[in-house]
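Fair warning: this is a prediction, and the values are worked out from it, not measured in the lab.
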Amino acid sequence: GGELDSNGDNSNAGGVVGVLNDYCSIEDCIPPGTGCAGGGHLVGTMHNSSNMQNCITVVPVDAWGSEGMYSDIRNRATVSGLYYCTNPYAANATAMTYGETRAMSDATGLSLEELRDPANYKGWDFDNDKGRWIMPADESGYIFPVPYISRYTFSSDAQ
């Protein structure tokens with residue numbers, strides 16, 4: 001969490017991964033901070049046959065100086081199940097109000113109310129015991145999904 005800053009070409013800056021190399025995958029992530037102009041909320045550059053799925057960003061749409069979950073996508077890279085919070089910028093904001101339309105590429109915008117409903121996340125794993133995501137609640141109800149259990153944990157008898 002925090003703010004990522006860099007000088008020069010920022011197209012390789014990302015909230016979770018800067019460069020997603022050939023055949024690599026990023027799944028079930030939420031970036032907790034803001035970044036530099038030109039970077040992607042989750043990934044900077046996606047390379048050949050890489051994959052990004054089931055991720056969400058809840059920081060303001062322009063928190064990275066761009067409206068993309070990624071800043072550059074190449075050869076057969078794929079994305080699916082991506083979501084972002086439309087507030088405080090509406091996806092149909094006018095150019096006069098915000099300088100350009102605030103709709104994030106290849107992602108579905110959800111309002112603050114819609115963020116609270118697990119049914120809005122198609123294909124996500126919200127299993128109560130072994131799911132990858134949970135929906136924490138405060139006194140007003142659910143807030144937004146957060147990762148629950150890492151798939152990459154060591155067993156107690158790991159060597």
| message | So, taking the atom named OG1 in Thr108 and the one named NZ in Lys122, what distance separates them when rounded to the nearest 0.5 Å? | response | 9.5 Å
| message | Tell me every residue that passes side-chain contact (heavy atoms from CB on, under 4.5 Å) with Asn48, counting only those two or more places apart in sequence or in another chain. | response | Asp22, Tyr23, Asn75, Arg76
| query | How long is the gap from CE on Met52 to CE on Met46, to the nearest 0.5 Å? | reply | 4.5 Å
| said: Applying side-chain contact (heavy atoms from CB on, under 4.5 Å), can you list everything that pairs with Cys29, at least two apart in sequence or on another chain? | reply: Val16, Ile26, Leu42, Cys55
| Interatomic spacing from CD1 in Ile30 to CZ in Phe144 - rounded to 0.5 Å | 5.0 Å
| field | Side-chain donor/acceptor of Trp124 to backbone N/O of Gly81, under 3.5 Å | value | yes
| said: Nearest 0.5 angstrom please: Leu110 CG to Tyr121 OH, how far? | reply: 5.0 Å
| task | Using modelled atom types only, decide if a donor and an acceptor are shared between the side chain of Asp106 and the backbone of Val79 within a distance under 3.5 Å. | result | no
| Ser50/Asn21 under side chain to side chain contact (heavy atoms under 4.5 Å, CB included): CA gap, chis, key distance, verdict | CA-CA 7 Å; Ser50 60; Asn21 287 319; over 6 Å; no
| request: Taking side-chain hydrogen bond (donor to acceptor under 3.5 Å, both in side chains) as the test, write out the residues that go with Thr78, two or more places apart. | output: Asn51
| Atom CG of Asn120 and atom CD of Glu114: how far apart are they, to the nearest 0.5 Å? | 5.5 Å
| Test item: side-chain donor near acceptor, Glu113 and Ser111, under 3.5 Å | no
| query | Are side-chain heavy atoms of Val146 and Pro136 found at a separation under 4.5 Å? | reply | yes
| request: State yes or no: do Trp133 and Met135 share one hydrophobic cluster built from I, L, V, M, F, W and Y residues joined by side-chain heavy-atom distances below 4.5 Å, directly or via other members? | output: yes
| query | Given Ile56 and Leu115, is the side chain to side chain contact (heavy atoms under 4.5 Å, CB included) satisfied, shown in steps? | reply | CA-CA 10 Å; Ile56 185 172; Leu115 285 177; 3.8 Å; yes
| query | What's the shortest heavy-atom distance between Leu112 and Cys85, and which atoms? | reply | CD2-SG, 3.6 Å
| note | Taken in chain and number order and not counting sequence neighbours, the residues that satisfy side-chain hydrogen bond (donor to acceptor under 3.5 Å, both in side chains) with Thr57 are His41
| message | Can you tell me how far apart CZ (Arg116) and CD1 (Ile143) are? Round to the nearest 0.5 Å. | response | 7.0 Å
